Amino acid sequence: MLSLLASHAAPSQIQTPLLAVFLPAGTNGAPLSCPAALAPLDAALHGALGRTLQRRDFRGGRDETFVLAGADEGAQRVVLVGLGKAPGTRAQWRRAGAVAARVAAKLGCGGIAAWAQDAEAAQVEGLVVGLSLGAWTYPDLRTPAPATERREPVTSATVLIADSEAARAAFAFGEALAAGYAIARRLGMMPGNVCTPDTFVETAQGLAERHGLGVTVLGRAEMAAEGMGSFLCVAQGTPEEPRLVAVEYRGGAADAPPIVLVGKGLCFDTGGISIKPAPDMEWMKFDMSGAGGVMGAMETIARLKWPVNVVGIVGATTNMPSGTAVKPGDVVRASNGKTIEIINTDAEGRLVLADLLVFAKRYKPAVVLDAATLTGAIVFALGHNAVGLFGPDAALVDEVRAAGEQSGEPGWPLPVWDEYREQIKSDVADLRNTGGRPAGSITAALFLQEFVDGYPWVHLDVAGTAYSQSDLGWVPKGPTGTPVGTFVEFVRGRVR
Ligand code: BES
Ligand code: MN
Ligand code: ZN
């Protein structure tokens, strides 16, 4: 992971291979003016910075970059990074930070310094997270290029912040959030034969060792004893031991009801007997992104030592076709006693989550948020731009929406009207596990709701947003880290 440092050094004084300077777009096409605090840097560059702005070679547009050669002393290079339209929100700074780090990665210069001494606390938070997102790589499974050809990966970032308590706290928050994102993205990027259900056990044990969290692990036998026939029918076709992993962070009062975060952890989803078509199936290694998001958020929350109780629960397994696999028409019984007719074995995420949501109740939660790459239909509804939000409590859904917006993970609500429940009624059982094509994301949410009992709840469908099949410029192709930011921001809102 990127090593992050905070410094109060002046931008003209810092020794760095690359100094990043972030500027918002001007108005009415007028040239940008050089911020007063950068006058000494401009002088060291013999006025190159001021001339670049004057000539409008750089206009501060979103994702815009311009690299200048540096002077003999101080910064060896300077990159101007556009923030886009003022005011420069946390999400804008996050994105610009990621763009800057990706420039550093392309140049192969190893390290970067980022100027944020005039930035507000929220902007510093965004920047620190963004630098880490942009510098992130997953090199584990690749043979390194020969040293002569290799571009140095970005291993360190120095953030030039103001000498204030607010700036230091913002830096610390950003660093903790970045660590959470790194865990989620790493788990997401790991192929299905590397990230197995036991990887979630190991990740939880790592959290326990670093931060003293409590860990509970259930395997096949323990889940059978709990009557989790819904989760277990998904795991029926795989020899891999399925895992229910719960991690408990206790920072609040002993009797304070916890926030419970629940994640779908399908280490791979073939569809099972209702097998998926081959094209693009490899992307189904990301079907554990909800669970990865839970693990990432737990890391951040534990690092920040917030005075709150938070429990993370993930259900990890692999959906496989085999002679022992569950098949269409089978009826299974979940741990709350409800029976489910399996119509399509590819609607497995809701089957795993059903037993997790019943399990969550034992923590007497203040609120439960679940995140899952649950439906392809959410991509038809909201594209790759928004998380689908579902729940009967509109105020709570809006609280999650606001947390997502704050963290640069926008979400949008869809209705969970009773009328849609008709679609998941079964001829033989209490429920069926699919509701047909119409409103597929909504019927999935309504299915989950059948297992929510007596606590406030919101479901996040992250199937369109947890990973990207194309390079987004500021985040490379692959895992985005969503929903770590939303989870953390929601918990932060409850701590305040
Ligand atoms: N993991 C998939 C959903 C998914 C699809 C995530 C595309 C990311 C991209 C889920 O388990 C699934 O297969 N859902 C089915 C449900 C259907 C059978 C009712 C779907 O969306 O097609
Ligand atoms: Mn599926
Ligand atoms: Zn799935």
Side-chain angles (χ1 to χ4, degrees), residues 187-189 192 195 197 230-231 233-238 242 262-293 314-321 325-330 340-356 370-388 390 414 420 423-426 431-448 459-470 477-480 482-483:
L187 287 168
M189 197 63 165
C195 176
S230 186
F231 185 154
C233 86
V234 178
Q236 226 171 278
T238 174
V262 173
K264 169 179 173 181
L266 265 288
C267 294
F268 196 83
D269 178 13
T270 66
I273 295 299
S274 313
I275 198 164
K276 287 179 181 295
D280 279 347
M281 204 208 270
E282 69 278 15
W283 291 93
M284 282 301 117
K285 72 173 180 177
F286 289 110
D287 211 21
M288 36 49 67
S289 297
V314 308
T317 187
T318 305
N319 188 18
M320 295 292 282
V326 71
K327 52 196 182 299
D330 287 1
I340 305 160
E341 181 188 8
I342 308 300
I343 300 297
N344 188 318
T345 65
D346 197 11
E348 85 299 338
R350 65 197 74 182
L351 296 171
V352 171
L353 288 171
D355 282 324
L356 299 187
D370 82 73
T373 47
L374 202 64
T375 65
I378 200 65
V379 182
F380 289 92
L382 298 173
H384 299 290
N385 303 89
V387 174
F390 305 83
L414 287 169
Y420 293 107
Q423 290 175 235
I424 52 169
K425 285 188 174 159
S426 164
L431 292 165
R432 46 193 267 159
N433 80 327
T434 69
R437 277 185 159 256
S441 304
I442 294 171
T443 53
L446 283 172
F447 181 91
L448 298 181
H459 159 59
L460 290 76
D461 194 333
V462 295
T465 46
Y467 65 94
S468 172
Q469 297 194 41
S470 53
K477 200 169 144 179
T480 60
T482 300

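Whatever order the structure lists them in is the order used to number ligands and atoms, beginning at 1. Given the structure is predicted, the values throughout are model-derived calculations rather than measurements.
Taking a cut-off of under 4.0 Å to the non-hydrogen atoms of Asn344, the atoms of ligand 1 that pass are 18 (C). Contact atoms of ligand 1 toward Arg350: 16 (C), 19 (C) (distance under 4.0 Å to a heavy atom of the residue). Less than 4.0 angstrom separates some heavy atom of Ala463 from each of these atoms of ligand 1: 6 (C), 8 (C). Which parts of ligand 1 touch Tyr467 is read off a 4.0 Å heavy-atom cut-off, strictly below it: atoms 8 (C), 9 (C).
With a heavy-atom cut-off of 4.0 Å, Arg437 does not touch ligand 1 at all. Contact annotation: for Leu374 versus ligand 1, heavy atoms closer than 4.0 Å belong to the backbone alone. With a heavy-atom cut-off of 4.0 Å, Asp287 touches ligand 1 through its side chain alone.
Within the coordination shell of the Zn ion (ligand 3), defined by N, O or S atoms under 2.8 Å, Glu348 is present. For residue Ala372, no N/O/S atom approaches the Zn ion (ligand 3) to within less than 2.8 Å.
The Mn ion (ligand 2) lies closest to atom OE1 when only the N/O/S atoms of Glu348 are considered.
Annotation for Ala466 and Thr373: closest pair CB-CG2, 4.1 Å, computed over non-hydrogen atoms. Closest approach of Pro242 to Phe231, counting heavy atoms only: CB-CE2, 4.0 Å.
At distances below 3.5 Å, at least one donor-acceptor pair connects side-chain atoms of Thr480 with backbone N or O atoms of Thr465. Using modelled atom types, no side-chain atom of Asp287 and backbone atom of Met284 make a donor-acceptor pair closer than 3.5 Å.
Side-chain contact between Asp461 and Leu382: absent, with no pair of heavy atoms (C-beta onward) separated by less than 4.5 Å.
Protein heavy atoms are found inside the 4.0 Å sphere centred on atom 21 (O) of ligand 1.
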